[in-house]
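All values reported here derive from a predicted model rather than from experimental measurement. Starting from 1, each residue takes its place in the sequence as its number.
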Amino acid sequence: MRRFAVEKAKKLVSGALLSSRSCPSSPFCSSSPATVAAAAAAATATMAPTTSFPVTMESINPKVLKCEYAVRGEIVAHAQRLQQELQTKPGSHPFDEILYCNIGNPQSLGQLPVTFFREVLSLCDHPSLLDKSETHALFSSDAIARAWQIMDVIPGRATGAYSHSQGVKGLRDAIAEGIAVRDGFPANAEDIFLTDGASPAVHMMMQLLISCEKDGILCPIPQYPLYSASIALHGGSLVPYYLDEATGWGLETAELKKQLEEARSRGITVRALVVINPGNPTGQVLAEENQREVVEFCKKEGLVLLADEVYQENIYVDNKKFNSFKKIARSMGYGDEDLSLVSFQSVSKGYYGECGKRGGYMEITGFSPDVRDQIYKVASVNLCSNISGQILASLVMNPPKVGDESYESYMAERDGILSSLARRAKALEDAFNSLEGVTCNKAEGAMYLFPCLCLPQKAIEVAKAVNTPPDAFYARRLLEATGIVVVPGSGFGQVPGTWHFRCTILPQEDKIPAIISRLKAFHEAFMEEFRD
Ligand code: DCS
């Protein structure tokens, strides 16, 4: 009976994926074996006939089966198994710890939270501290003042109450002020929707834009798989545009045009263009001129510009600077009537890395009042985002200023984290480029490197024989030899026939030399084993 369930799961999932395989332009076809294996493993784990459950693999929403998220995919599940084995049987593997370089989760790898943000959060979470004299000895005066300001804008000072569905108005005012200072153009609290991280905001926009398979969203390839997953869950079509690896992951408008026309010729109505700047997994920072071309393209083609700007504080090169798309559009003289623009921001990234606090927002401009009312209605179905995340979002957009008691220590923490990230990015980039058959573009920004692997033909053949994409085969062997977890490029999409992996730059600086030497030793042995 159990075997029957496993076979059925395999058949069903490979059937579901066959339909995606029939799309020649899909950059995700190669990840299917992982899904089949995961579905089969899930079926095996049940130990009971699936027919005894009211929900079966046949009856669940096929869009769920189609959705994939490699950042926490099969390699990570394998790493967790190895970690358990290390605990129960120390010495059972050639390494003594698992290094999770698969996910942009800075505090899980030892990054400390920024003191000022946590001081304000603690005071808001336990406001009776504000009335105690000892508090003045323990907390900085500007953190206390900020906590009072925040308390004063929360109705009834009740941080345990639901807020307005867009988020506390006073916190949105503070965010709008922060955006205006950043861009030099005004921002409006009514345009801001506070969310539990940027992810729910992205889902909300996909829900708004996609009504059927014929609705397409132009997405960069490689992309962060939140986009492919969300488009799959909402039943739309991902229209890929390829970033040019040879020009440092350049975004070419000719490529946008070509893919838009190709999609239209297939009867797809392209509704929006996603741009991730700085890029994930690619790490490139767009030049201002390039951003202007993107704005012009969206305006001309009537596309909503979905600007993922969650890495706006993560820039590591002197010759590049973050410019929001809103600033670019406004500096071109374009207002609400010219461009529909959504900017996503998150407390999970930057130098703050507060992923678990689940804070973020989207700023939506250039939408009609009736459409905006619909967005509000959808937000209101979730009641509101969590209040600590809302407070944190207001803080990251309004950090301490010159003259505040915390200013100098805050700047020292911030610059310490950012300069260390820049050094880690450079050390890893140099290490990847020193490996035989590996080339790696600069991480100008964000938190990742995405090296290209030129694998020996023999390795490609062995990987294919075990029904695994070659980059996933490499990543698995890397994990088993070194304990380092990376994500195969096939989870992000890549030019067919090329192989990559994504590695975060987040392990603490004192661990980087050991990571590099383990990586080098593994790579040399791998290339030797499969040399033609
Ligand atoms: N957009 C981009 C480009 C991201 O990289 C992430 C998270 C998000 C949105 C959503 O983050 P939050 O919901 O936490 O705000 N990055 C994932 C990644 O690639 N590694 O870690 C998480």
Side-chain angles (χ1 to χ4, degrees), residues 113-183 185-197 200-201 313 343 345-348 350 352 354 356-364 372 376 379-380 382-411 413-414:
V114 174
T115 310
F116 175 80
F117 298 155
R118 287 301 183 95
E119 282 189 345
V120 178
L121 268 189
S122 329
L123 293 167
C124 291
D125 261 350
H126 194 27
S128 65
L129 287 178
L130 287 166
D131 299 322
K132 295 201 170 23
S133 55
E134 304 92 293
T135 301
H136 292 269
L138 291 170
F139 292 80
S140 60
S141 57
D142 51 333
I144 296 172
R146 187 70 73 92
W148 274 118
Q149 270 173 26
I150 290 173
M151 282 295 124
D152 286 344
V153 298
I154 296 181
R157 297 189 173 159
T159 51
Y162 293 132
S163 72
H164 183 283
S165 294
Q166 275 181 249
V168 174
K169 168 72 165 55
L171 298 176
R172 285 186 281 127
D173 284 332
I175 291 172
E177 215 177 287
I179 296 172
V181 170
R182 182 194 69 191
D183 291 347
F185 291 95
N188 185 345
E190 297 310 318
D191 296 340
I192 291 163
F193 286 71
L194 283 153
T195 48
D196 293 316
E313 298 281 358
S343 163
Q345 165 66 321
S346 171
V347 306
S348 304
Y352 16 91
E354 296 274 18
K357 298 290 179 197
R358 310 308 295 134
Y361 70 80
M362 60 177 179
E363 184 195 14
I364 61 165
R372 181 195 290 260
Y376 175 78
S380 71
N382 285 328
L383 297 164
C384 68
S385 62
N386 83 88
I387 304 296
S388 299
Q390 293 192 23
I391 293 172
L392 208 36
S394 81
L395 298 176
V396 305
M397 296 308 286
N398 283 281
K401 294 186 177 49
V402 186
D404 291 346
E405 188 187 320
S406 293
Y407 181 71
E408 280 175 19
S409 56
Y410 155 77
M411 285 300 280
E413 287 177 51
R414 170 189 180 274

- [ ] In plain terms, say whether Asp191 and Arg372 are close enough for a salt bridge, that is, a side-chain N and a carboxylate O under 4.0 Å apart.
- [x] yes
Task: Minimum side-chain heavy-atom gap Thr159-Met151 below 4.5 Å - done: yes
Task: Any Asp125 side-chain heavy atom under 4.5 Å of Ser388 side chain - done: yes
- [ ] Compare every heavy atom of Cys124 with every heavy atom of Ile391, then report the nearest pair and how far apart it is.
- [x] CD1-CB, 3.8 Å
Task: Lys401 side, atom NZ; Ser406 side, atom OG - distance, nearest 0.5 Å - done: 12.0 Å
Task: Centroid separation His164 to Tyr376 less than 6.0 Å - done: yes
Task: Student check: side-chain heavy atoms of Arg414 and Glu313 closer than 4.5 Å - done: yes
Open item on the list: Closer than 3.5 angstrom, by distance alone: can the side chain of Asn382 be matched with the main-chain N or O of Cys384 as a donor-acceptor pair?
Closed with: no
Task: Under 3.5 Å: donor-acceptor pair, side chain of Arg172, backbone of Gly167 - done: yes
Task: Nearest heavy-atom neighbours spanning Asp142 and Pro400 - done: OD2-CB, 4.0 Å
- [ ] Say whether, by atom type as modelled, one donor and one acceptor occur between the side chain of Glu405 and the main chain of Ser141 under 3.5 angstrom.
- [x] yes
Task: Side chains of Pro113 and Glu354 in contact at under 4.5 Å (non-hydrogen atoms) - done: yes
Open item on the list: Tell me whether Asp173 contacts the main-chain N or O of Ala189 through its side chain, where contact means a donor paired with an acceptor under 3.5 Å.
Closed with: no
Open item on the list: Against Gln390, only a single residue in Ile175, Leu395, Val168, Asp196 fulfils side-chain contact (heavy atoms from CB on, under 4.5 Å); can you say which?
Closed with: Val168
Task: Verdict with reasoning, Leu121 to Lys357, per side chain to side chain contact (heavy atoms under 4.5 Å, CB included) - done: CA-CA 10 Å; Leu121 268 189; Lys357 298 290 179 197; 4.1 Å; yes
- [ ] Would you mind reporting whether Met397 and Ile179 have side-chain heavy atoms less than 4.5 Å apart?
- [x] yes
Open item on the list: Is the shortest side-chain heavy-atom distance between Tyr410 and Phe117 below 4.5 Å?
Closed with: yes
TODO: Would you check if the side chain of Gln345 reaches a backbone N or O of Met362 as a donor-acceptor pair within less than 3.5 Å?
DONE: no
Open item on the list: For the residue pair Ser343 / Glu363, report whether a side-chain donor-acceptor contact shorter than 3.5 Å exists.
Closed with: no
TODO: Please examine the side chains of Leu129 and Glu134, heavy atoms only from C-beta on, and report whether any two atoms are closer than 4.5 Å.
DONE: no
Open item on the list: Quick one, Asp404 with Arg146, criterion salt bridge (Lys or Arg N to Asp or Glu O under 4.0 Å). Give me CA distance, side-chain angles, the key distance, then yes/no.
Closed with: CA-CA 11 Å; Asp404 291 346; Arg146 187 70 73 92; 5.1 Å; no
Task: Point-to-point distance, once rounded to the nearest 0.5 Å, from CD1 of Ile150 to CD1 of Ile387 - done: 11.5 Å
Task: Any side-chain donor near an acceptor of the partner, Glu119 and Ser140, under 3.5 Å - done: yes
TODO: Measure from the side-chain N and O atoms of Gln166 to the backbone N and O of Glu190, and report whether any donor-acceptor pair falls under 3.5 Å.
DONE: yes
Open item on the list: Using modelled atom types and a 3.5 Å cut-off, is there a donor and acceptor pairing between side-chain atoms of Thr135 and backbone atoms of Leu130?
Closed with: no
